[in-house]
Amino acid sequence: MSPRLEDAQLGDLALEFARAAPNQVAVWEPVRSGWQATRADELAAMVARAAAGLERAGICRGDLVCVFVRPGRNWIAILYALFRLGAVPVAIDPGMGKTNLLACVERVAPRGFIGIPAAHALRLTHARAFRSVEVNVTVGAPKLWSGHSFERLLRAVGGAQARNADRQAQPQD
């Protein structure tokens, strides 16, 4: 029997949802041809793989991690993976303007940075604000800088880790 939802850790909520309703749509996101659905069991497996991949990349408990990713399944998987690792996601509103955004990043002094390519371009052109960042992860198109690819991190979690992630995402009787 699964633990009660109110007893679950925040990082395990996707897993709890997958156990309760594995075929239920957990995320709808716009794509070129309309909408893409991600089922609860798929999201839970993605969260498990993302947590393993981000940990492999060097994200640790207590790390502050700026997340500059568009809302969708990657964003949700990253947030839950960071919660599962005990890292602290830092959401900064890009609508606050570049000067305020850079000042905010500099004050937060994150150890990790997960973002789309445009966010990494900002990181490279304003390196002073991002000088605390040790772990960089790009979500999306190929990158032209050092760091990790989120998609590769998801694929790299292989062997026993991937089987364990999939097993964790399966509903329990």
Side-chain angles (χ1 to χ4, degrees), residues 8-19 22 24-31 35-96 101 104-105 108-124 129-130 132-158 161-162 164-169:
Q9 296 295 320
L10 188 55
D12 294 327
L13 288 179
L15 175 58
E16 293 303 315
F17 182 46
R19 286 181 176 156
Q24 180 71 35
V25 173
V27 180
W28 282 102
E29 65 184 315
V31 294
W35 292 88
Q36 177 178 328
T38 302
R39 293 188 330 258
D41 60 344
E42 293 170 326
L43 182 63
M46 190 175 176
V47 169
R49 284 190 167 100
L54 292 172
E55 185 175 44
R56 178 182 284 176
I59 300 295
C60 303
R61 175 173 291 287
D63 284 348
L64 297 174
V65 181
C66 277
V67 181
F68 284 78
V69 178
R70 289 183 181 94
R73 72 187 200 146
N74 284 339
W75 181 71
I76 292 169
I78 288 165
L79 292 179
Y80 279 106
L82 291 171
F83 292 139
R84 183 176 282 186
L85 293 174
V88 180
V90 178
I92 299 173
D93 178 8
M96 69 173 57
L101 185 145
C104 192
V105 170
V108 168
R111 182 168 174 275
F113 184 81
I114 303 172
I116 62 174
H120 282 282
L122 180 70
R123 176 182 62 82
L124 293 174
F130 295 88
S132 63
V133 174
E134 297 174 20
V135 180
N136 291 296
V137 179
T138 303
V139 176
K143 57 190 179 43
L144 303 173
W145 45 81
S146 63
H148 303 276
S149 158
F150 180 66
E151 290 77 10
R152 277 196 217 123
L153 288 175
L154 289 177
R155 286 192 306 267
V157 179
Q161 276 184 308
N164 187 41
D166 288 339
R167 198 175 321 84
Q168 288 177 348

Checklist line | Shortest non-hydrogen separation from I114 to V69 and the atoms involved | finding: O-CG2, 3.9 Å
Notebook entry, point to check: Yes or no on side chain to side chain contact (heavy atoms under 4.5 Å, CB included) for E42 and M46, after CA distance, side-chain angles and deciding distance?
Noted result: CA-CA 6 Å; E42 293 170 326; M46 190 175 176; over 6 Å; no
Notebook entry, point to check: Which is it for L82 and V67 under the side chain to side chain contact (heavy atoms under 4.5 Å, CB included) test, yes or no, and what are the steps along the way?
Noted result: CA-CA 10 Å; L82 291 171; V67 181; 3.7 Å; yes
Item checked: For V27 against G72, the heavy-atom pair lying closest together -> CG1-C, 4.2 Å
Note to self: Main chain of V139, side chain of H120: is a donor-acceptor contact present, judged purely on distance under 3.5 Å?
What the structure shows: no
Notebook entry, point to check: So, the side chain of S132 versus the backbone of P110: is there a donor-acceptor pair under 3.5 Å, distance only?
Noted result: yes
Margin query: Restricting to side-chain contact (heavy atoms from CB on, under 4.5 Å), what partner residues turn up for Q24, sequence neighbours left out?
Written below: F17, A21
Notebook entry, point to check: Any idea which heavy atoms bring D63 and G58 closest together, and the distance?
Noted result: OD2-O, 3.8 Å
Check: What is the minimum heavy-atom distance between V88 and G62, and which atoms define it?
Finding: CG2-O, 4.5 Å
Margin query: Return the CZ to CD distance between R84 and E55, rounded to the nearest 0.5 Å.
Written below: 11.0 Å
Checklist line | Distance in Å, H148 NE2 paired with R56 CZ, rounded so as to fall on 0.5 Å steps | finding: 10.5 Å
Item checked: Where I59 and R111 come nearest, the two heavy atoms and their spacing -> CA-NH1, 4.2 Å
Next item on the list: Scan for ring pair (Phe, Tyr, Trp, His ring centres under 6.0 Å) pairs involving residues 69-92, sequence neighbours excluded, and state none if there are none.
Entry: none
Margin query: Looking at every non-hydrogen atom in both residues, tell me the closest pair between A18 and A44 and how far apart they are.
Written below: CB-CB, 3.6 Å
Note to self: According to side-chain contact (heavy atoms from CB on, under 4.5 Å), who are the partners of I92, at least two apart in sequence or on a separate chain?
What the structure shows: C66, F68, V90, M96, L101, C104, V105
